[in-house]
Amino acid sequence: MLLAGFIRQHPELVKERLAFRNFKETGLVDEIVRLDDQRKKLQLESDTIQSKINAHSKEIGQLMAKGQKAEAEAQKQEVASLKNAQQPIGEALSDVETALNDTLIRLPNLPASIVPPGKTPDDNLTVREGGPKPTLPPGSAPHWDLAKKYNLIDFELGNKITGSGFPVYIGQGARLQRALIQYFLDYNTAAGYTEYMPPLMVNETSARGTGQLPDKEGQMYYVKEDNFYLIPTAEVPVTNIFRDEILKEQDLPLRMTAYTPCFRREAGSYGKDVRGLNRLHQFDKVEIVQLVSPDRSYETLDEMVTHVEKLLLSLELPYRILRLCAGDMGFTSALTYDFEVYSAAQEKWLEVSSVSNFESFQTNRMKIRYKDATGKTQLLHSLNGSSLALPRILACLLENHQTANGIRLPKSLHAYFGKDSL
RNA sequence: GGAGAGAUGGCAGAGCGGUCGAUUGCGGCAGUCUUGAAAACUGUUGAGGUGAAAGCCUCCGGGGGUUCGAAUCCCUCUCUCUCCGCCA
């Protein structure tokens, strides 16, 4: 969440940036300033009384030691009246703090200066395109037909076992999944990312830390018995590794990568958006996360974009990089680049990675900090991206590389898959 | 799931209800010594709120209670360890 101190200092700037994001309730900004004023005032009052109580209590101890019971009793009376005066102030303070926090958590991140204006995906800015554009042979098919033809994925079987959006990968299909995961992880660790295997369920505090709660409550699978959430992305457990930590400057930057299945309820999705591998309730993804000093986060974002771009190039897929407009960005992000690959048979672009800088929005919630060169403790910046999400990559590999006698695999996968085609 | 023990600063580990934000050791940082390093010695070393600063306030797993006063007593939750049960 945003820092209350920053909002106090720049209320108009905050309102302007929130409005740019098409956030309607900019009045919350004034509300926050007002609540924070109250908080300070009440805290000062309460602390002043507490200070007196502490002094009296200390004296009572000394009087008791000297056996001056009568004087001690008099002091006790004094403390009792102070506590009476403090009680309503303390209650008001606690109410104000709760209200302040509840309000702060409703504000999305401020968009970075280079975020393009706009409200819908149509307003996103195409930064660049790359990769080979295929010319499909006659009789070419969308991936759900190819998956059936080569017996790679059984969607109906998934329906039987669980429900829609839970496909079953079979034989070469399963093997290709494994090959992609292995390839992506190796690619990331070669670039200096440390591999993690985190839990697939997280507690409420972790879900709150990365901002899934309260924003996306209904989008996560929830285990009521234990109050756990199934992770919608490895970002959640991996970023939370460093929650409540104060890191040393020489430990930075921290680079993490993790393969996990991801679980999303995708309430409200329908129609051709969910056909085949386009949108699933469970899918595999390899994620990259970085924690860096604030002055380096945008440089790091560019590095991560290049990192993902090279990975896509190695898969020989046509891609484009979009800088998301203010209205299309996620709640927690300051700047996001989406990667889309072209699904040649469907003739549509599919998002396969989303690389974002959250600045201190997440680290403020999670209290991920470091000691800078001057010894001052300050918040780190967090970034993450997919490198990469598997299903749509698989869809595009199948569609774009289909030939009359099989599906050709890009060179980068030959060793991992053990064959050059399927 | 049952029985018992425990949770204190980066780590280890003290702490009679009052002067404890907390003894001590290790680690970290700075200095002395040294050509340099090591060793030794000296000092220093948690976080947050408020304030220009001095200071004041809060935090000893989380929450609640008793008390003039709680790291210390009580309740509760979570977690860890030991034993038993179940089990990949």
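Labels below follow one simple rule: chain letters A, B, ... track the order of the sequence lines, proteins then strands, and each chain is numbered from 1.
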Separation of the C1' atoms in B:G1 and B:G85, to the nearest angstrom: 7 Å
Note, A:R255 side chain near A:I288 side chain (heavy atom, < 4.5 Å): no
Watson-Crick/G-U partner (both atom distances under 3.5 Å) of B:G9: none
Nearest-Å distance once atom C1' is located in both B:G46 and B:C20: 15 Å
Nucleotide forming a Watson-Crick or wobble pair with B:U32, both distances under 3.5 Å: B:A40
For atom CD1 of A:I368 and atom P of B:A47, their distance in whole Å: 17 Å
Geometric class of the A:Y229/A:Y222 ring pair [parallel <30°, tilted 30-60°, perpendicular >60°]: tilted
Nucleotide B:G18, atom P - distance to CD of A:Q75 in whole Å: 19 Å
Whole-angstrom distance between B:A7 and B:C73, as gauged at atom P: 10 Å
A:M64 vs A:K40, nearer the 5' end of RNA chain B by closest nucleotide: A:M64
Aromatic plane relationship, A:Y221 with A:F166 - under 30° parallel, 30 to 60° tilted, over 60° perpendicular: tilted
Watson-Crick or G-U wobble partner of B:C87, both distances under 3.5 Å: none
For atom CD of A:Q62 and atom P of B:G69, their distance in whole Å: 16 Å
Phosphate OP1/OP2 of B:G18 contacted by A:S57 side-chain N/O (<4.0 Å): no
Nearest-Å distance once atom C1' is located in both B:C33 and B:A22: 34 Å
Pair A:N240-A:R243, side-chain donor/acceptor within less than 3.5 Å: yes
Inter-nucleotide C1' distance (B:G21, B:G48), Å rounded: 13 Å
Presence of A:Q50 side-chain N/O under 4.0 Å of B:U58 phosphate oxygens OP1/OP2: yes
A:K52 side chain near B:C68 phosphate (N/O to OP1/OP2, under 4.0 Å): no
N or O in side chain of A:R369 less than 4.0 angstrom from B:G48 OP1/OP2: yes
Sugar-phosphate only, base, or nothing, as touched by A:T377 at under 4.0 Å among non-hydrogen atoms: sugar-phosphate
Residue-phosphate contact under 4.0 Å: A:K83 side-chain N/O, B:G69 OP1/OP2: yes
A:N203 side-chain N/O to B:U78 phosphate OP1/OP2 under 4.0 Å: no
Verdict with supporting geometry, A:D145 and A:K148, salt bridge (Lys or Arg N to Asp or Glu O under 4.0 Å): CA-CA 5 Å; A:D145 289 340; A:K148 190 168 227 169; over 6 Å; no
Short side-chain N/O contact to B:C57 OP1/OP2 from A:N54, under 4.0 Å: yes
Given RNA chain B, 5'-ward residue of the pair A:V79 and A:I246, judged by closest heavy atom: A:I246
Partner nucleotide, any strand, of B:A47 [Watson-Crick/G-U, under 3.5 Å]: B:U58
Distance between P atoms of B:C60 and B:U8 (Å, rounded): 12 Å
Euclidean distance, atom NZ of residue A:K76 to atom C1' of B:U66 [Å, nearest integer]: 13 Å
Spacing between A:E249 atom CD and B:C29 atom P, to the nearest angstrom: 14 Å
Side chains of A:E91 and A:Q87, donor plus acceptor under 3.5 Å: yes
Pairwise P distance, B:G13 and B:G2 [rounded to whole Å]: 29 Å
Pairwise P distance, B:U72 and B:U67 [rounded to whole Å]: 16 Å
Distance in angstrom units between A:Q77 CD and B:C68 P, rounded: 10 Å
Opposite nucleotide pairing with B:C68, Watson-Crick or G-U, both atom distances under 3.5 Å: B:G18
Nucleotide B:C29, atom P - distance to NZ of A:K376 in whole Å: 22 Å
Whole-Å distance separating the NZ atom of A:K41 from the P atom of B:G51: 14 Å
4.5 Å side-chain heavy-atom contact, A:E359 and A:L110: no
